[in-house]
Amino acid sequence: MAALCVTEIVSYGVIYYAFPVLAGQIAAGTGWSRTAVTAAYSAGNLAGALAGVPAGRFLQRHGPRPMMTAGSVLGALSVAGMALATSYAWFLAAWLAAGVASAGLFYPPAFAALTGWYGPRRVQALTALTLAAGFASTIFAPLTSALAGPLGWRGTYLVLAAVLAAVTIPAHALGLRLPWTQPPPGPAAAGPLPDRQVLASRPFLLLVTAATLCAFAQYAALVNLVPLLTGRGLSPGLAAWALGLGGAGQVAGRLCYRALASRLGARGRTVAIIAAGATVTLLLGLLPGPAAPLVAASVLAGAVRGVFTLTEATLVADYWGSGRYAAVNGVFNAPLTAAGALAPSAGAAIAAATGSYPALFAVLAGAAAAGAGLAAAAPRPAGQRGRSGGGGQPGREAPDAIG
């Protein structure tokens, strides 16, 4: 747990959160357009989505240690490659490699590790991990900015590559040595469904589509929050503070997840969280001001994002058990990651087509609402059928098969 908390902070901080701080310097220093620089970043995220599927299967078979250690090595080399890039093709290739590395560094493999090792206590473990990782932007955004002044973007990326290597390689190689054994099947299941049956099942298709729509809406709203708020009259500084406070909202939301899980079953809380995301996104689009309600809505949106992270992390185990979590979750998470990669450019295109950022937020709210409807159409997990209330105690093993 300690190793993963530290490595998630560093991995997200170096590969994910440093780029928005450095993007302007990269474009100015190389002559590449800001669009081209951002496209390389998005391509890396898409590569991570594609790599997540085989990565999940490999982790399922061999455990987290080799996968995450290899991700650390490739991640450090990739970030160093960005710093040394002498052409845009080199820079793009480095980002594609970083995306592949992220499949062994970001939340999905860490969630799979904790789900396998902690079993019925996975909710507490996942909550602790996401609370720690929530500070990645708080630490690395200002650190990157402080380094960029004297070192430039190339020197900064070299330092960050060294940090990634020095922290995550030994932490993964030495800290993830617990035996990797498959959890037993759930008590109500005759045996786990084969992966292909799970992936083709109606519950999986409905839930992955619902979660993808929600992820797209949340990422696009997050990226376009500052221009929405400045268009409402907030200063750029105050809009940035509102965005930052959304991170605090994520932490607060994650602290509330256990109470939510004790009252609502897997389907109920999925519908509730996606619907809450649609509501707060629409609220942001409709509120004309003043500043205080807009900032409060931004914090609330952050809280919803925080709870959604844990909802998505536990959904596969709640429906299909933890025995094949890594492999199934690798497929489940791939379209969500792709949606996050496409959200910045797609959100900007929607804003241009509709003529305003408030209209964009209305469209995003509609997408999330459609996701809530799809989640509501999914059957309950087998162990929760016939129950009108919540899902019982959080972290209780769900059956490995759906009837």
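Just so you know, these numbers come straight off a predicted model, no measurement behind them.
- Screening residues 98-124 for ring-ring contact (aromatic ring centres under 6.0 Å, His included) gives Tyr12-Phe106, Tyr12-Tyr107, Tyr107-Phe111, Trp117-Trp180 as the qualifying pairs, with residues at least two apart or on separate chains.
- Under the 3.5 Å distance criterion, the side-chain polar atoms of Arg65 are left unmatched by any main-chain donor or acceptor of Leu174.
- The two residues Pro381 and Ala266 make their nearest non-hydrogen contact at CG-CB, 3.8 Å.
- Checked against side chain to side chain donor-acceptor pair (under 3.5 Å), Thr270 has no partners two or more places apart in sequence or in another chain.
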Identify all side-chain donor-acceptor contacts of residues 336-356 below 3.5 Å with residues at least two apart in sequence or on another chain.
unit_1	atom_1	unit_2	atom_2	d
Thr337	OG1	Asn333	O	3.1
Thr337	OG1	Asn333	OD1	2.8
Ser345	OG	Leu342	O	3.2
Thr354	OG1	Ile350	O	2.8
Thr354	OG1	Ala351	O	3.4
Thr354	OG1	Ser356	O	3.4
Ser356	OG	Ala359	N	3.1

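- Listed for the Arg258 side chain is no donor-acceptor partner under 3.5 Å among the backbone atoms of Val123.
- Residue Trp95 is tested with Tyr88, Trp90, Tyr41 for a ring pair (Phe, Tyr, Trp, His ring centres under 6.0 Å); the sole match is Tyr41.
- In this structure the side chain of Arg122 reaches within 4.5 angstrom of the side chain of Asp318, judged on heavy atoms.
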Quick one: side chains of residues 17-28, donor-acceptor pairs under 3.5 Å with protein atoms, not counting sequence neighbours, listed by atom name and distance.
unit_1	atom_1	unit_2	atom_2	d
Gln25	OE1	Trp153	N	2.9
Gln25	NE2	Ala148	O	3.3

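- Residue Thr230 holds its OG1 atom at 8.0 Å from OH of Tyr357, rounded to the nearest 0.5 Å.
- Looking at Leu234 and Val226, their side chains never come closer than 4.5 Å, going by heavy atoms from C-beta outward.
- Between atom CG of residue Leu126 and atom CD of residue Glu312 there is a gap of 10.0 Å, rounded to the nearest 0.5 Å.
- Distance check: Met67 CE to Leu105 CG gives 10.0 Å after rounding to the nearest 0.5 Å.
- Distance check: Tyr325 OH to Thr115 OG1 gives 4.5 Å after rounding to the nearest 0.5 Å.
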Expected list for residues 273-302: side-chain donor-acceptor pairs under 3.5 angstrom, two or more places apart:
unit_1	atom_1	unit_2	atom_2	d
Thr279	OG1	Ala275	O	2.9
Thr281	OG1	Gly277	O	2.7
Ser298	OG	Leu294	O	2.9

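- Listed for the Arg57 side chain is no donor-acceptor partner under 3.5 Å among the backbone atoms of Ala327.
- When side chains are defined from C-beta on, Ile169 counts as touching Val73, because their heavy atoms get closer than 4.5 Å.
- Contact annotation: the side chain of Gln218 approaches that of Val304 to within less than 4.5 Å [non-hydrogen atoms, C-beta and beyond].
- Here OH of Tyr157 is found 14.0 Å from CG of Leu151. Values are rounded to the nearest 0.5 Å.
- Panel note: side chain Ser145, backbone Pro142; no donor-acceptor pair is recorded below 3.5 Å.
- For the side chain to side chain donor-acceptor pair (under 3.5 Å) test, residues two or more places apart in sequence or in another chain that qualify with Ser72 are Thr168, His172.
- Classified by interplanar angle (parallel below 30°, tilted 30° to 60°, perpendicular above 60°), the ring pair Phe332/Phe204 is perpendicular.
- Between Pro379 and Pro203 there is a side-chain heavy-atom pair separated by less than 4.5 Å.
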